[in-house]
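Order of listing sets the numbers, starting from 1, for every ligand and every atom in it. Small disclaimer: the values here were computed from a predicted structure and weren't measured.
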Amino acid sequence: MALPWVLAVLSLLPLLDAQSPACPNFSVPITNASLDQISGKWFYIGSAYRFPEYKKEASKIQAGFFYFTPNHTEDTILLRQYMTIGDQCIYNSTNLKVQRENATLSKYSES
Ligand SMILES: *[C@@H]1O[C@H](CO)[C@@H](O)[C@H](O)[C@H]1NC(C)=O
Ligand SMILES: *[C@@H]1O[C@H](CO)[C@@H](O)[C@H](O)[C@H]1NC(C)=O
Ligand SMILES: *[C@@H]1O[C@H](CO)[C@@H](O)[C@H](O)[C@H]1NC(C)=O
Ligand SMILES: *[C@@H]1O[C@H](CO)[C@@H](O)[C@H](O)[C@H]1NC(C)=O
Ligand SMILES: *[C@@H]1O[C@H](CO)[C@@H](O)[C@H](O)[C@H]1NC(C)=O
């Protein structure tokens with residue numbers, strides 16, 4: 001489930017960094033400043049996906065919030081997510097690896 005959340009927030013990054021809101025640059029690199037801007041608590045409001053499988057997953061979420069905790073030196077973001085799905089409250093956390101050059105995040109794997 002981490003992927004849909006991350007896609008949703010990542011789509012905000014270019015807007016945060018854009019100099020002109022009318023003309024966002026979609027290849028801006030991730031900086032310490034933009035990491036600070038996404039840091040903290042986020043509430044899930046809604047989502048839109050092109051892929052049917054993400055759509056299906058996201059439609060199950062009744063409520064949710066998540067925390068981003070970036071680490072500037074490690075270039076990682078700790079993602080802690082809380083979701084209400086059905087009558088269950090689900091907590092999950094994962095580390096995301098930041099590739100600053102091309103502004104992408106990937107699921108972090110220790111191995
Ligand atoms: C967008 O940002 C990239 C990376 O910083 C830069 O190479 C490119 O020239 C920028 N494009 C525009 C239209 O500003
Ligand atoms: C970032 O990660 C390094 C190495 O694990 C750790 O020493 C440091 O305290 C972390 N910084 C923050 C702000 O969590
Ligand atoms: C980002 O922050 C880290 C840790 O504070 C620092 O070592 C690094 O030089 C900073 N990078 C930039 C581009 O400012
Ligand atoms: C947490 O996420 C991992 C990786 O996406 C997944 O394998 C695991 O089943 C999840 N745990 C829970 C309790 O949802
Ligand atoms: C971004 O850069 C990293 C490291 O240079 C690379 O592994 C990854 O495939 C790149 N991702 C994209 C979407 O270009």
Side-chain angles (χ1 to χ4, degrees):
M1 271 310 290
L3 191 55
W5 293 86
V6 169
L7 287 176
V9 172
L10 255 196
S11 64
L12 298 171
L13 268 178
L15 299 175
L16 291 174
D17 263 357
Q19 271 152 19
S20 155
C23 185
N25 184 344
F26 285 98
S27 61
V28 285
I30 294 175
T31 62
N32 280 351
S34 54
L35 286 178
D36 286 339
Q37 280 176 294
I38 64 166
S39 173
K41 186 174 185 176
W42 290 77
F43 290 95
Y44 177 79
I45 306 290
S47 52
Y49 299 108
R50 211 183 289 268
F51 298 111
E53 57 266 46
Y54 292 168
K55 232 178 239 175
K56 193 159 156 268
E57 283 301 311
S59 71
K60 293 185 201 154
I61 302 170
Q62 283 146 351
F65 56 91
F66 53 101
Y67 295 92
F68 275 140
T69 313
N71 186 317
H72 291 168
T73 45
E74 292 254 289
D75 275 355
T76 55
I77 301 175
L78 174 64
L79 168 65
R80 289 172 293 155
Q81 43 185 350
Y82 300 79
M83 290 171 287
T84 308
I85 296 178
D87 56 1
Q88 282 189 309
C89 183
I90 295 172
Y91 168 74
N92 209 341
S93 73
T94 185
N95 250 313
L96 307 168
K97 183 87 190 133
V98 178
Q99 268 98 42
R100 290 177 185 245
E101 323 76 63
N102 52 17
T104 54
L105 298 187
S106 47
K107 270 298 248 322
Y108 188 61
S109 124
E110 298 278 339
S111 54

Atom 8 (C) of ligand 2: the protein heavy-atom neighbour that sits closest, reported with distance to 0.1 Å: N71 ND2, 3.8 Å
Protein heavy atom under 4.0 Å of atom 14 (O) of ligand 2: yes
Whether F43 and F65 hold their rings parallel, tilted or perpendicular, with breakpoints at 30° and 60°: tilted
Heavy-atom side-chain contact between I90 and Q81 under 4.5 Å: no
Proximal ligand 3 atoms for T73, defined as those under 4.0 Å from one of its heavy atoms: 4 (C)
Note, R100 side chain near L35 side chain (heavy atom, < 4.5 Å): yes
Side chains of D75 and I30 in contact at under 4.5 Å (non-hydrogen atoms): no
Nearest-neighbour protein heavy atom for atom 1 (C) of ligand 3, which is reported as residue plus atom name and distance: N32 ND2, 1.6 Å
Between N71 and T69, a side-chain donor and acceptor under 3.5 Å: no
Protein contact for atom 3 (C) of ligand 2 (heavy atom, distance under 4.0 Å): yes
